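The structure under discussion appears below in the form of structure tokens.
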Amino acid sequence: MTELPDYEEAVLEAVDAIPEGCVMTYGDVAEMVGAKGPRRVGRVMSEYGAATAWWRVVRAGGHPPVGLEGEALAHWRAEGTPLVGGVFGSGRVDMARARWDGTAAGERVSGV
DNA sequence: AGCTTGACCGACC
DNA sequence: TGGTCGGCCAAGC
């Protein structure tokens, strides 16, 4: 079912490869899939993101896409994603811990 | 062919 | 601390 261009399919796969409790920035995904601009990833996500774990993809500051902050926050809390200020944070992801390298899937820094 | 917009990023003030 | 500016690449009009 490769009806989508290479990079779009790559983006969806990269997002799907992100383990629960981890997130990646648009720029990271862009570089991971070989995309040149992070904006391209955002566009792909806006179109096909509904079919993928879009909430695992956030901006460089740990902010979710506008209009979906509540949705993303709910997903993060459900998956145990580290949030700034605890689970009752201000709707921001703790990039320091939640940022996924994309190297070892399923393996993440345990504890602190 | 050119301008505007966009789920962005980084730097600057 | 938070807002603003410029840059990047692609799609839409």
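Owing to the predicted nature of the structure, the values given are computational and were not obtained by experimental measurement. In what follows, chains are A, B, ... by sequence order, proteins preceding strands, each numbered from 1.
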task: Could you give me the CA-CA distance, side-chain angles and deciding distance for A/V11 and A/V57, then say whether side-chain contact (heavy atoms from CB on, under 4.5 Å) is met?
output: CA-CA 10 Å; A/V11 169; A/V57 183; over 6 Å; no
message: Applying salt bridge (Lys or Arg N to Asp or Glu O under 4.0 Å) as the test, list every pair that has at least one member in residues 80-93 of chain A; sequence neighbours left out.
response: none
Results of side chain to side chain contact (heavy atoms under 4.5 Å, CB included) for [X] - residues two or more places apart only:
{"X": "A/D94", "result": "A/P82, A/V84, A/A96, A/R97"}
{"X": "A/R99", "result": "A/T25, A/D28, A/M95"}
{"X": "A/L73", "result": "A/W76, A/R77, A/L83"}

statement: Going 5' to 3' through nucleotides 4-11 of chain B and flagging B where a protein heavy-atom sits under 4.0 Å of the base, S where only the sugar-phosphate is that close, and - otherwise, we get --BBBSS-
statement: First and last nt of DNA chain C near chain A, cut-off under 4.0 Å to heavy atoms, 5' to 3', are C/dG7 to C/dA11
task: Start with the C-alpha gap between A/W54 and A/V15, add the side-chain angles, then the distance that decides, and say whether side-chain contact (heavy atoms from CB on, under 4.5 Å) holds.
output: CA-CA 7 Å; A/W54 55 266; A/V15 175; 5.9 Å; no
field: Any pair counted as side chain to side chain donor-acceptor pair (under 3.5 Å), so long as it reaches residues 55-74 of chain A, sequence neighbours left out
entry: A/W55-A/E79, A/R56-A/E79
Pairs where residues 31-46 of chain A contributes a residue and the test side chain to side chain donor-acceptor pair (under 3.5 Å) is met, not counting sequence neighbours: none
task: Sticking with atom P, work out how far C/dG2 lies from B/dA7, rounded to a whole angstrom.
output: 23 Å
- request: Kindly check if the number of other-residue, nucleotide or ligand heavy atoms within 6.0 Å of CD (A/E47) is above 12?
  value: yes
message: Could you tell me if the side chain of A/Y7 sits less than 4.5 Å from the side chain of A/V44, heavy atoms only?
response: yes
- prompt: With Watson-Crick and G-U wobble geometry limited to distances under 3.5 Å, how should the secondary structure of DNA chain B be encoded in dot-bracket form, using | for bases paired to another strand and [ ] for crossing pairs?
  reply: .|||||.||||||
